[in-house]
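Quick notes on the structure that follows.
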Amino acid sequence: MIKIPEQFKIKEQIIHNTYLINGEISIWDGDFVDVYSTLLTENEDDNLFKLGITPKMDKAHALKALNSADKAFNNGTGYWPTMKVYERINCMERFVNKMVEKRDEVVKLLMWEIGKNLKDSEKEFDRTVIYIKDTIEEYKNIDRDGAIFKNNSGVRALIRRGPLGVVLCLGPYNYPLNETFALLIPAIIMGNTAVFKPAKHGVLLIAPLLQAFKESFPPGVVNIVFGRGREIATPIMETGKINVLALIGHSSSANSLQQLHPQQNRLRLVLGLEAKNPAIILEDADLDLTIEECISGSLSFNGQRCTAIKIIYVHENIKEKFLEKFSEKVDSLKLGMPWENTLLTPLPEPNKPDYINNLIEDAKSKGAKVINKRGGETQKNYVFPAILYPVNSSMDVFNEEQFGPVIPVVSFSDINDPINYMADSNYGQQVSVFGNDENSLGPLIDSLVNLVCRVNLNSSCQRGPDVYPFTGRKDSAVATLSVHDALRSFSIRTFVASKDNLGNKEIIRKLIDNKKSNFIRTDYYL
Ligand code: G3H
């Protein structure tokens, strides 16, 4: 029998039947989708535990949400995109203060909906709040930088960053709050308007925030709809009214959505996609440190992070020692409920254990072994992490982004093996390198920085801190996200220029002194 602490119990099913369009929270009276949790499958025989329901909205409502965002932007002439910067900042501050009141509710749902442990669920919420506050501060810096006239070759110019238009925002299930808000928040603060549809898992936790959005932003700026991607996103993209597709998820979804846009040059992309980040362990690596980092790198949130270490290249001369110690450590990990704060927790996707087992079986049939004793032990909603060795290019797990608890290991004696693997890969997000000799590290780092966008030295791969650039090459990303870069990714430089003569100087002076424009001004918000 699973013991659930009183404060984390779900006492009755959550009937989520609202959506936000054009500043109104309306009641949905159409079809609903059941939301299940995989946490209690042991209690419920083969049935998943039903957490509640959420609207299964249709094309008509998707288009209503889009039209509301489109009207609020109104080709850049709307109230929101032309508003004073400090007024938009005030809206965002109001929102973040209201959001904080919902912390406990959101954290509890993060645990139930996606199985993230308590500590990491709290971290996801708190990190998002800090991200919003940092974004506000960074926006002030950007606004301040745009408050200075330039004068070059007889042309005076005031150059600022302006919004791009209507954003369709789609987030992933593994960070349903943080990653989605890391798109939505910079998008709207820059003056864009948005339609946001939460991910398939991690959807009920957005419902408590609808009121905060409604009370903080003018009608139409943020529209939140629920349902299947195909039914919501497809008709929206087909209209051609989306200016930015902001998506964290799979490249196949990003590709098919882009192709639906009738005028693709109008469409900007802000995408965070798959990755297959390798760890490269050189022969002089500190093994204890390497193992600690490889465990957190490959198994935090059960490996369901785009930044997870998803393949390990270990030097031939230390492979035995590494595999022995690594296996021992992995086998000592505990599997538990999210509120028990174990590293390993149930997987939220009901079909994931089968997928992971298929990867293991495929690798075994082609010559790999499961190295750790507990590797592959399966419960209804979990597969214990399996370390697979020796892995080669014929196996699915060599190329596929597993997004789950299986760790393929390859040994090498020629450093070109991992380098060629990365060069041939469709992905190019990050790499971890473990070693201590500057003679081998130096040239290696010089190559790796051109294959991925972050080289982690003696440390696991990760996105944070959020002030650092988060991006990737090839199929791993389009555009860059960081507190600063996201504001740039969701905006474009736009400016007012005039010949440097007395008449124009006079007009500019009057525009500034009489505060006639929200764009032409030299003051800024402290
Ligand atoms: O799923 C991808 C996330 O951006 C990973 O972020 O490295 O902070 O867990 P993280």
Side-chain angles (χ1 to χ4, degrees), residues 107 110 113-132 134-135 169-186 198-202 246-251 253-254 270-279 292-311 338 341 343-345 347-349 352 400-405 427-432 452-457 459-483 485-486 489:
V107 165
L110 272 168
E113 287 196 84
I114 62 161
K116 188 169 278 191
N117 73 28
L118 175 61
K119 200 164 54 59
D120 287 346
S121 296
E122 289 172 336
K123 192 166 143 201
E124 175 160 355
F125 190 95
D126 297 339
R127 173 181 178 180
T128 308
V129 168
I130 293 169
Y131 189 94
I132 298 174
D134 288 350
T135 296
C169 182
L170 304 167
Y173 84 79
N174 65 334
Y175 279 89
L177 182 78
N178 181 263
E179 296 241 312
T180 317
F181 279 33
L183 299 172
L184 186 63
I185 298 300
K200 187 170 170 203
H201 302 286
L247 176 148
I248 309 274
H250 205 271
S251 55
S253 323
V270 180
L271 309 175
L273 307 170
E274 311 95 275
K276 186 82 179 171
N277 296 340
E292 280 305 317
E293 293 294 319
C294 283
I295 296 236
S296 65
S298 59
L299 292 176
S300 319
F301 194 36
N302 313 294
Q304 302 166 113
R305 295 161 56 232
C306 61
T307 49
I309 290 175
K310 297 199 179 94
I311 189 161
N341 267 327
L343 188 74
L344 309 178
T345 50
L347 302 171
E349 295 172 292
K352 204 50 164 291
E400 269 178 41
E401 185 197 41
Q402 63 268 41
F403 223 74
Y427 309 117
Q429 190 199 64
Q430 300 189 20
V431 63
S432 287
V452 292
C453 290
R454 174 165 166 163
V455 176
N456 300 279
L457 183 57
S459 331
S460 62
C461 301
Q462 62 176 47
R463 174 174 177 160
D466 290 329
V467 293
Y468 289 157
F470 177 54
T471 186
R473 298 169 190 266
K474 299 187 259 185
D475 269 345
S476 282
V478 176
T480 302
L481 296 171
S482 72
V483 170
D485 291 300
S489 297

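Since the structure is predicted, the reported quantities are computational estimates derived from the model, not experimental observations. Values reported hereafter were calculated over all heavy atoms of this structure, with side chains retained and with hydrogens, waters and symmetry mates removed. This chain uses plain numbering: 1 for the first residue, then up along the sequence. Numbering of ligands and ligand atoms starts at 1, following listing order.
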Rounding to 0.5 Å, atoms CG (Leu481) and CD (Glu179) come to a distance of 8.5 Å

Using modelled atom types and a 3.5 Å cut-off, is there a donor and acceptor pairing between side-chain atoms of Asn456 and backbone atoms of Val431? yes

Using a 3.5 Å cut-off on N/O to N/O, what pairs does ligand 1 make with the protein? A line per pair would be great.
{"unit_1": "ligand 1", "atom_1": "1 (O)", "unit_2": "Asn174", "atom_2": "ND2", "d": "2.8"}
{"unit_1": "ligand 1", "atom_1": "1 (O)", "unit_2": "Cys306", "atom_2": "N", "d": "2.7"}
{"unit_1": "ligand 1", "atom_1": "4 (O)", "unit_2": "Glu179", "atom_2": "OE2", "d": "2.3"}
{"unit_1": "ligand 1", "atom_1": "7 (O)", "unit_2": "Arg305", "atom_2": "NH2", "d": "3.0"}
{"unit_1": "ligand 1", "atom_1": "7 (O)", "unit_2": "Thr307", "atom_2": "OG1", "d": "2.7"}
{"unit_1": "ligand 1", "atom_1": "7 (O)", "unit_2": "Arg463", "atom_2": "N", "d": "2.7"}
{"unit_1": "ligand 1", "atom_1": "8 (O)", "unit_2": "Arg127", "atom_2": "NH1", "d": "2.8"}
{"unit_1": "ligand 1", "atom_1": "8 (O)", "unit_2": "Arg127", "atom_2": "NH2", "d": "3.1"}
{"unit_1": "ligand 1", "atom_1": "9 (O)", "unit_2": "Tyr175", "atom_2": "OH", "d": "2.3"}
{"unit_1": "ligand 1", "atom_1": "9 (O)", "unit_2": "Arg305", "atom_2": "NE", "d": "2.7"}
{"unit_1": "ligand 1", "atom_1": "9 (O)", "unit_2": "Arg305", "atom_2": "NH2", "d": "3.3"}

Flag, side chain of Lys116 to backbone of Asn174, donor-acceptor distance under 3.5 Å: yes

For Ser459 and Leu457, indicate whether the former's side chain and the latter's backbone hold a donor-acceptor pair under 3.5 Å. yes

Taking the side chain from Gln462 and the backbone from Gly464, do they hold a donor-acceptor pair closer than 3.5 Å? yes

Is it the case that Gln429 and Lys474 place a side-chain donor and acceptor less than 3.5 Å from each other? no

